[in-house]
Amino acid sequence: MSLLERLKAAARDDWTGYVDHAFVRGLGDGTLPASAFRQYLVQDYLFLIQFARAHALAAGKARTLADMRAAKEGLAAIVDVEMQLHLRLCERWGLTAAEVEATPEHAATVAYTRWVLDIGMSGDLLDLQVALTPCTLGYAEIGRRLAPEGAGALDAAHPYREWIGEYAGEAFQSVAAGAHAWLDDLDRRYGSPARFPELVAIFAKAARLEAGFWQMGLDAA
Ligand SMILES: Cc1ncc(C[n+]2csc(CCO)c2C)c(N)n1
């Protein structure tokens, strides 16, 4: 079993509470209130700025050039791809980048991002990648779950079609497959049965913080 499968099995309830959150179901069937999505979108942009720092920290934690390259791919996926999607969506929702950047971070955003940065500061590269896994591989799972037939099969009028399409699309799924393989590689080199309970605790906490992030969106509805 891959490390991801073992972590998911050990943190089943926290994982389900994240990937099957009411916010996700509302995104999928289009019933999510616009106010909830807008709150999410603004905070997610602020979130991505901090997660870019976490990926840069991963490059600094790397002890091999191959690990540094893998961390760089994650950083590029955020600053070159994901943040562009957000800016396009923000524009559509009548928000400029300057307005979004000037918005104060919500407590849920601070809690999640600074905790990940702290895991990265105090732990090694495996700890940090496990803390980042619910983010990358959770969104890949959600993308596949919301668009099992591919984003092209979604109704053109679906309000969250572009968001779902981004995470269900081939480009992101391939980034996620790379992250999955890298996680297993890190586990082979740095993992051990003795470390597993602590990795589960990190993974479960990240999944709960992801659920808290969805809830922050819903609470604004
Ligand atoms: C709260 C929240 N969690 C996860 C993601 C998805 N995401 C953020 S960085 C990254 C790695 C680069 O691909 C991914 C997949 C998000 N946008 N917002």
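Whatever order the structure lists ligands and atoms in, that order sets their numbers, starting from 1.
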Within 4.0 Å of some non-hydrogen atom of L48, the atoms of ligand 1 are 8 (C), 9 (S), 17 (N)
Under the salt bridge (charged side-chain N to carboxylate O under 4.0 Å, His left out) rule, what pairs show up with a residue in residues 12-38, not counting sequence neighbours?
D14-R208, D20-R25, D20-R145
With a 4.0 Å cut-off on heavy atoms, is Y167 touching ligand 1?
yes
Side-chain donor-acceptor pair present, E73, W182, cut-off under 3.5 Å
no
E82, any N or O under 3.5 Å of ligand 1 N or O:
yes
Are L41 and V79 linked, directly or through other ILVMFWY residues, by side chains that come within less than 4.5 angstrom of each other?
yes
Relative to the ring of Y112, is the ring of F213 parallel (under 30°), tilted (30 to 60°) or perpendicular (over 60°)?
perpendicular
Part of T136 with heavy atoms under 4.0 Å of ligand 1, whether side chain, backbone, both or neither:
both
Which bit of V81 gets closer than 4.0 Å to ligand 1, counting heavy atoms only: side chain, backbone, both or neither?
neither
Connected via hydrophobic side-chain network under 4.5 Å: L137 and V81:
no
Suppose we screen for ring-ring contact (aromatic ring centres under 6.0 Å, His included). Which residues come up paired with F172, at least two apart in sequence or across chains?
Y167
Any atoms of ligand 1 less than 4.0 Å from a non-hydrogen atom of A77? List them with their elements.
12 (C), 13 (O)
Which is closest to atom 2 (C) of ligand 1 by heavy-atom distance: F213, Y112, Y18, Y139?
Y139
Quick test: of every protein heavy atom, which one is nearest to atom 3 (N) of ligand 1, and how far off is it to 0.1 Å?
E210 OE2, 2.8 Å
Below 3.5 angstrom, do we get any N/O pair linking D44 and ligand 1?
yes
With the threshold set at 4.0 Å, does a side-chain nitrogen-carboxylate oxygen contact exist between R114 and E105?
yes
Counting from 1, what ligand 1 atoms have a heavy atom of F172 closer than 4.0 Å?
13 (O), 15 (C)
